[in-house]
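In what follows, a structure is listed as structure tokens, so that the remarks can point back to it.
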Amino acid sequence: MAYYYPEPSHTFSEYLLVPVFSSKECIPTNVSLKTPVVKYRKGQEECPLTMNIPMVSAVMQSVSGEKMGVALAKEGGIAFIYVSQPIEQQAEMVRKVKASKAGFVASDSNLRLENTMADVVALKEQTGHATMAVTDDGTGTGKLLGIVTGRDYRVTRMDPNTKVSEFMTPIEKIIYAEEGTSLKECNNIIWDNKLNSLPVIDKEGHLVAFVFRKDYDSHKSNPLSLLDPDKRYVVGAGINTRDYAERVPALVEAGVDVLVMDSSEGYSEWQAITLKWIRDHYGDSVKVGAGNVVDGEGFRYLAEAGADFVKIGIGGGSICITRETKGIGRGQATAVIDVAAERDKYFEETGIYVPICADGGIVHDYHLTLALAMGSDFCMLGRYFSRFDESPTDKVLVNGNYMKEYWGEGSARARNWQRYDLGGEKKMSFEEGVDSYVPYAGYLSDGVATTLAKIRHTMCNCGALTLEELRDKAKITLVSSVSIVEGGAHDVVLKDSTK
């Protein structure tokens, strides 16, 4: 006989937080949203990877490309570059994120003396970088002979065949730093000499890296930026349970910081097999999350299989139709509560804290705070991030309003059969996602700032200055359908805000 749960499953919209006493220290500026990403021995060691905000972007074609990787890392979160693309293409996206921000940036725009101005223009179009190193072998580690910037040439006034050697700034006129100079000292040299970039060379004159003025400015304006030990942006990437033996090495070589298995349902031996392969080849040096699950039993299976974090949620995404097509899933709030209880039990038994991530079912900003209060360490968002300029999709005009395209990985457009693979034929038998539009919302930084402000204010209402305190102190009530209606504007005629 089938097992029947005694209670119905619930969504986040069916709950509210109840205010508790908050001290005078409970003000939004004192709130920390720092959260662990991967497993660790809580109370005995520091988590090897933490985020400054509890938000990651979904492993989706319409959400997480290299622009999202940079933009979200600037805010303190992590983007997971989508897996439904060729391996080298995904690895290249990771490389671009890692190269876009660093204290010491490896040069990827390099020339030889015999190159021409036409080559300079073509290279700038290819890389988007205006500062180019001229080295003896045309590589980023060759002997530095000069530098070309936009101030060294004029396309309208010079012959495209003019040799780089004729208009570059030669090494004799370049201010540079020697290898071993600290980042702080390099920035001081930049400021003292009013430079935009500073090359770093070794004792033999070979180029080591560049330090850019804009990176210093960017860091000062983004104090929560999530950086690795080499001052590069932290970025994640998705993998599947089919081509992991080829994809994981390529992503690791590209510099990825954390991986996650992209699957519609993770309580599967395929995920355990994938985790074992990664552990056998990389030990614990490669961090990888697993999922998705919707109950404590699924969490326990993946935690024991070696997952660094576990994702929660089946069928709750705005573009997901898994529940409609297969009748599989669970209300996201109930799923989070169940998994969080098992996570805490697992920690008590083993001393190992395995973070959990609520993936899907987040419609309003306050749903984030509820998910965190219910036990999630961070949340994965698709529709939310797809609305911003930094998502990979086109901005289109629909009925007089700007929209962004948004489609699911289970849609005919994505054809990501690996995500729904159960070991059969290598194809999608039916759709589990839709193709849609979402209202355009401008820059990610503006939207995230508003969302985080709401979370911080609500945490203060709950008397909490950290996410751990929020989980301990939160009082949560289930509400009736009438209460949900009462919670919004009602019994009034709203003014037209456009007038």
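Hydrogens, waters and symmetry mates play no part in the numbers below; they use all other heavy atoms, side chains included.
- Checked for salt-bridge contact, Lys42 and Glu468 meet the test: a charged N lies under 4.0 Å from a carboxylate O.
- No more than 12 heavy atoms of other residues, nucleotides or ligands lie within 6.0 Å of OH in Tyr4, so this atom counts as exposed by the packing criterion.
- In this structure, Ser64 contributes its side chain and Ile81 its backbone to no donor-acceptor pair below 3.5 Å.
- Summarising the geometry of Ser13 relative to Tyr366, their closest heavy-atom pair is CA-OH, 3.7 Å, with the distance given to 0.1 Å.
- Put simply, the side chain of Val339 does not reach to within 4.5 Å of the side chain of Val294, judged on heavy atoms.
- In this structure, Arg279 contributes its side chain and Val286 its backbone to a donor-acceptor pair below 3.5 Å.
- With hydrogens and angles ignored, the 3.5 Å screen pairs no side-chain donor or acceptor of Arg41 with any backbone N or O of Glu45.
- Side chains of Thr11 and Gln332: a donor-acceptor N/O pair is absent below 3.5 angstrom, by distance only.
- One finds the CZ atom of Phe104 at 13.0 Å from the CZ atom of Phe210 (value rounded to the nearest 0.5 Å).
- Results of the side chain to side chain contact (heavy atoms under 4.5 Å, CB included) test with Asp262 over Asn292, Val59, Asn240, Ile239 single out Val59 as the only residue that passes.
- The distance from atom CG of Leu470 to atom CE of Met459, rounded to the nearest 0.5 Å, is 5.0 Å.
- Between Ala335 and Ile312, the shortest heavy-atom distance links the atoms CB-CG2, 3.7 Å.
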All N/O donor-acceptor pairs, side-chain side in residues 371-385, below 3.5 Å, sequence neighbours left out:
from	atom 1	to	atom 2	distance (Å)
Ser376	OG	Ala371	O	3.3
Asp377	OD1	Tyr353	OH	2.6
Asp377	OD2	Arg343	NH1	2.8
Asp377	OD2	Tyr353	OH	3.3
Asp377	OD2	Ile356	N	2.9
Arg383	NH2	Val363	O	2.9
Tyr384	OH	Gly447	O	3.2
Tyr384	OH	Thr451	OG1	2.6

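- More than 12 heavy atoms of other residues, nucleotides or ligands shown are found within 6.0 angstrom of OH on Tyr282.
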Between Leu275 and Val288, is the side-chain contact (heavy atoms from CB on, under 4.5 Å) condition met? List the steps.
CA-CA 8 Å; Leu275 286 166; Val288 56; 3.5 Å; yes
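- One finds no salt bridge joining Asp257 and Arg232 here, because no Lys/Arg side-chain nitrogen approaches an Asp/Glu carboxylate oxygen to under 4.0 Å.
- In this structure a side-chain-to-backbone donor-acceptor pair under 3.5 Å is present from Asp228 to Lys231.
- Inter-residue side-chain proximity for Ile476 and Val18 is flagged as unmet; no heavy-atom pair is nearer than 4.5 Å.
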Run Thr369 and Lys454 through side-chain contact (heavy atoms from CB on, under 4.5 Å) and show every step you take.
CA-CA 9 Å; Thr369 317; Lys454 293 178 183 178; 6.0 Å; no
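- At a threshold of 4.5 Å between non-hydrogen side-chain atoms, the residues Lys287 and Leu259 do not count as touching.
- Residues Met261 and Lys311 have side chains not in contact (no heavy-atom distance under 4.5 Å, counting atoms from C-beta outward).
- Lys473 places no side-chain N or O within donor-acceptor distance of the main-chain N or O of Ala464, the cut-off being under 3.5 Å.
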Check step by step if salt bridge (charged side-chain N to carboxylate O under 4.0 Å, His left out) holds for Arg330 and Asp295.
CA-CA 9 Å; Arg330 198 179 193 189; Asp295 64 6; 5.3 Å; no
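- Without hydrogens or angle criteria, Lys98 side chain to Tyr233 main chain gives a donor-acceptor distance under 3.5 Å.
- Taking all atoms of both residues into account, the shortest heavy-atom contact from Cys357 to Val56 is SG-CG2, 4.3 Å.
- Contact annotation: the side chain of Lys74 never approaches that of Ser445 to less than 4.5 Å [non-hydrogen atoms, C-beta and beyond].
- Thr393 and Ser386 make their closest contact through OG1-O, 4.3 Å (heavy atoms, listed as atom of the first residue, atom of the second, distance).
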Any chance you could lay out the side-chain contact (heavy atoms from CB on, under 4.5 Å) test for Glu75 and Leu224, step after step, and finish with the verdict?
CA-CA 6 Å; Glu75 303 304 318; Leu224 294 180; over 6 Å; no
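- Tyr301 and Phe299 have their aromatic ring centers separated by at least 6.0 angstrom.
- In this structure, the side chain of Glu469 engages the main chain of Leu465 through a donor-acceptor pair within 3.5 Å.
- In terms of heavy-atom proximity, Phe12 sits nearest to Val336 at CZ-CG2, 4.1 Å.
- Atom CG of residue Leu478 and atom NE2 of residue His10 lie 4.5 Å apart, to the nearest 0.5 angstrom.
- The closest side-chain heavy-atom distance from Val31 to Cys460 is below 4.5 Å.
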What verdict does the side-chain contact (heavy atoms from CB on, under 4.5 Å) test give for Val354 and Tyr346, after you've listed the backbone C-alpha separation in whole Å, the side-chain angles of each residue and the deciding distance to 0.1 Å?
CA-CA 8 Å; Val354 181; Tyr346 184 79; 3.8 Å; yes
Trace of the salt bridge (charged side-chain N to carboxylate O under 4.0 Å, His left out) decision for Arg95 with Glu92:
CA-CA 5 Å; Arg95 288 191 198 94; Glu92 182 60 23; 3.0 Å; yes
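- Within a 6.0 Å radius of NZ in Lys395, more than 12 heavy atoms belonging to other residues, nucleotides or ligands are found.
- Under the rule for a side chain to side chain contact (heavy atoms under 4.5 Å, CB included), the partners of Cys47 that lie at least two apart in sequence or sit in another chain are Pro36, Val38, Tyr40, Thr50.
- Taking 4.0 Å as the cut-off between side-chain N and carboxylate O, Lys67 and Asp389 do not count as a salt-bridged pair.
- Counting only distance, with no hydrogens or angles, the side chain of Gln90 and the backbone of Gly238 share a donor-acceptor pair below 3.5 Å.
- For Tyr82, there are no side-chain hydrogen bond (donor to acceptor under 3.5 Å, both in side chains) partners, not counting sequence neighbours.
- With contacts defined as side-chain heavy-atom distances shorter than 4.5 Å, the pair Ile278/Tyr244 does not qualify.
- Without hydrogens or angle criteria, His367 side chain to His364 main chain gives a donor-acceptor distance under 3.5 Å.
- Note that OH of Tyr406 and CZ of Arg387 are 10.5 Å apart. Values are rounded to the nearest 0.5 Å.
- Under a cut-off of 6.0 angstrom, the local environment of CD in Glu304 is crowded, with over 12 non-hydrogen atoms contributed by other residues, nucleotides or ligands.
- Figure legend: cation-pi geometry between Lys404 and Tyr440 absent, as NZ or CZ is not positioned both under 6.0 Å from the six-membered ring centre and within 45° of its axis.
- Counting heavy atoms from C-beta on, the side chains of Pro392 and Gln61 never come closer than 4.5 Å.
- Note that CE of Met68 is 5.5 Å distant from OG of Ser391, once rounded to the nearest 0.5 Å.
- For the pair Ile87 and Ala250, the tightest heavy-atom approach, listed with the atom from each and the gap, is CG2-CB, 3.5 Å.
- Here the CD1 atom belonging to Ile352 is positioned 9.5 Å from the CD atom belonging to Gln44, to the nearest 0.5 angstrom.
- Formation of a donor-acceptor pair under 3.5 Å by the Ser9 side chain with backbone atoms of Thr334 is not found in this model.
- Between the side chains of Tyr267 and Glu297, at least one donor-acceptor pair of N or O atoms lies under 3.5 Å.
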